[in-house]
Amino acid sequence: MVRANGAVSLRELARVVQTSEVTVRRDVRALEAEGLLDRRHGGAVLPGGFTRESGFPQKSHLATAEKTAIADLAANFVEEGEAIVVGAGTTTQELARRLARVPGLTVVTNSLLVAQALAHANRVEVVMTGGTLRGSNYALVGSGAEQSLHGLRVSRAFLSGSGLTAERGLSTSNMLSASVDRALVQAAAEVVVLADHTKLGTDTMFQTVPTDLITRLVTDEPPAHDDRAATELQALADQGVQIAVAGGQGGSAGSGPGGPGGDAVPARQQRRDVPVPGPRRQVPGGGGGLRSTTMLGDQGPGAERARVADLRRR
């Protein structure tokens with residue numbers, strides 16, 4: 001499976017071979033000792049995978065359920081009439097599919113996949129950057145893409161990447177992609193990172209968004225045994241990043257203001273509080289005050305502004 005896809009997740013391996021993730025993890029460790037693959041947090045890649053970026057076909061089969069849950073939740077942070085930027089990636093592509101029914105939305109993107117997902121949305125305006133096409137991830141990169149973003153200002157940027165740590169922030173394996181992502185960040189008042197738990201604690205070559213510029217992380221619920229992901233989440237929260245976790249069981253929530261067509265948020269999306277101390281920085285438009293954990297589902301950006309106003313009154 002690693003040879004065919006370039007990368008696999010432990011969860012997918014366990015499903016295919018019908019055994020536990022504990023057994024799969026032990027076998028992957030043995031295969032790594034033989035030099036047949038490299039372990040990565042939550043999965044495995046071909047040897048030398050630190051500098052090798054998987055292409056779209058490989059990425060599209062990794063953590064698909066997690067990406068769906070993350071996209072469902074992230075859509076609730078988009079309001080009608082907003083202007084946003086959406087970067088390249090399989091998770092951001094899932095998000096774009098859910099934004100197709102948000103009235104008056106303007107989406108700036110360098111991703112052909114994001115643009116394709118919104119191509120038939122008659123109430124969404126899509127603005128594409130220029131640039132040179134990278135066939136591996138269907139993204140426009142290079143100086144043309146970066147220059148087209150100069151002077152742009154939007155409310156939020158939604159970005160994904162190859163790895164996320166509290167120490168370095170979001171990173172990717174490709175230099176050209178990293179440069180465009182940095183330009184997207186410069187155009188936005190807030191930065192929302194979409195990253196499933198397998199990317200938490202993973203560090204790759206090129207930094208795209210330092211931790212102190214990340215406003216919010218939307219991720220999925222790490223497995224109970226995944227101490228590394230849980231530790232990284234807490235470290236990110238300690239640095240003032242708001243954490244929104246999708247994938248809990250047994251909860252339900254109403255639709256957010258920017259949910260696709262007003263659809264309800266799936267029941268698996270449950271609020272989970274991550275302790276967050278005082279801020280290291282001010283969020284543009286937030287006016288300072290305590291950074292809180294994100295309220296999932298029926299509590300979107302409007303509710304967040306109400307909490308900030310309440311804190312000011314206090």
Side-chain angles (χ1 to χ4, degrees), residues 70-89 91-111 114-115 117-118 121 123-129 145-146 148-161 169-170 180-195 208-218 240-244 255-262 279 281-289 291-292 294-309 312:
I70 290 168
D72 286 339
L73 178 54
N76 288 281
F77 300 111
V78 180
E79 296 180 304
E80 296 183 9
E82 268 195 290
I84 63 174
V85 295
V86 179
T91 310
T92 51
Q93 180 190 24
E94 288 296 323
L95 171 64
R97 290 170 176 156
R98 287 150 180 80
L99 299 180
R101 297 181 184 176
V102 180
L105 187 64
T106 299
V107 177
V108 180
T109 186
N110 69 319
S111 169
V114 169
L118 296 168
R123 294 184 291 177
V124 178
E125 181 179 2
V126 179
V127 179
M128 295 207 67
T129 68
E146 295 172 40
S148 66
L149 294 167
H150 287 170
L152 179 71
R153 194 62 174 169
V154 299
S155 58
R156 293 181 182 86
F158 291 86
L159 298 176
S160 188
L170 189 67
V180 176
D181 281 354
R182 285 193 287 265
L184 292 172
V185 169
Q186 291 298 316
E190 296 183 3
V191 178
V192 181
V193 170
L194 313 182
T208 56
V209 191
T211 306
D212 63 348
L213 292 183
I214 299 174
T215 307
R216 177 180 287 116
L217 166 64
V218 184
V241 177
Q242 299 176 27
I243 310 295
S255 60
R281 63 194 183 280
Q282 278 192 322
V283 181
R291 298 179 65 95
S292 64
T294 298
M295 304 296 103
L296 310 189
D298 60 343
Q299 300 188 48
E304 185 174 341
R305 286 195 294 270
R307 291 196 304 277
V308 171
R312 285 175 177 166

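All of these numbers come straight from a predicted model, not from anything done at the bench.
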Where do V185 and L213 land on the side-chain contact (heavy atoms from CB on, under 4.5 Å) test, with the steps shown first? CA-CA 8 Å; V185 169; L213 292 183; 4.3 Å; yes
Find out whether [X] and [Y] are in side-chain contact, i.e. whether some heavy atom of one side chain is under 4.5 Å from a heavy atom of the other.
X: V127; Y: L152; result: no
X: L159; Y: T208; result: no
X: V192; Y: V218; result: yes
X: L194; Y: L95; result: yes

Tell me, please, which residues at least two apart from [X] pass side chain to side chain contact (heavy atoms under 4.5 Å, CB included).
X: A96; value: V114, A117, L118
X: Q186; value: none
X: A83; value: T106, V154
X: N110; value: A88, T129, A139, L140, V180, L184

F77 ring centre to R156 NZ or CZ under 6.0 Å, with the angle to the axis within 45°?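 No, R156 and F77 do not form such a contact.
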In chain order, what residues pass the side-chain hydrogen bond (donor to acceptor under 3.5 Å, both in side chains) check against S155, with sequence neighbours excluded?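 side-chain hydrogen bond (donor to acceptor under 3.5 Å, both in side chains) list for S155, sorted by chain: E82.
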How long is the span from the [atom1] atom in [X] to the [atom2] atom in [Y], to the nearest 0.5 Å?
X: R98; Y: L73; atom1: CZ; atom2: CG; result: 11.0 Å
X: I84; Y: T109; atom1: CD1; atom2: OG1; result: 9.0 Å
X: E94; Y: D72; atom1: CD; atom2: CG; result: 8.5 Å
X: L105; Y: R123; atom1: CG; atom2: CZ; result: 10.5 Å

Tell me whether T92 contacts the main-chain N or O of G87 through its side chain, where contact means a donor paired with an acceptor under 3.5 Å. yes
Compare every heavy atom of R153 with every heavy atom of A188, then report the nearest pair and how far apart it is.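 Heavy-atom minimum between the residues: O-NH1, 3.3 Å.
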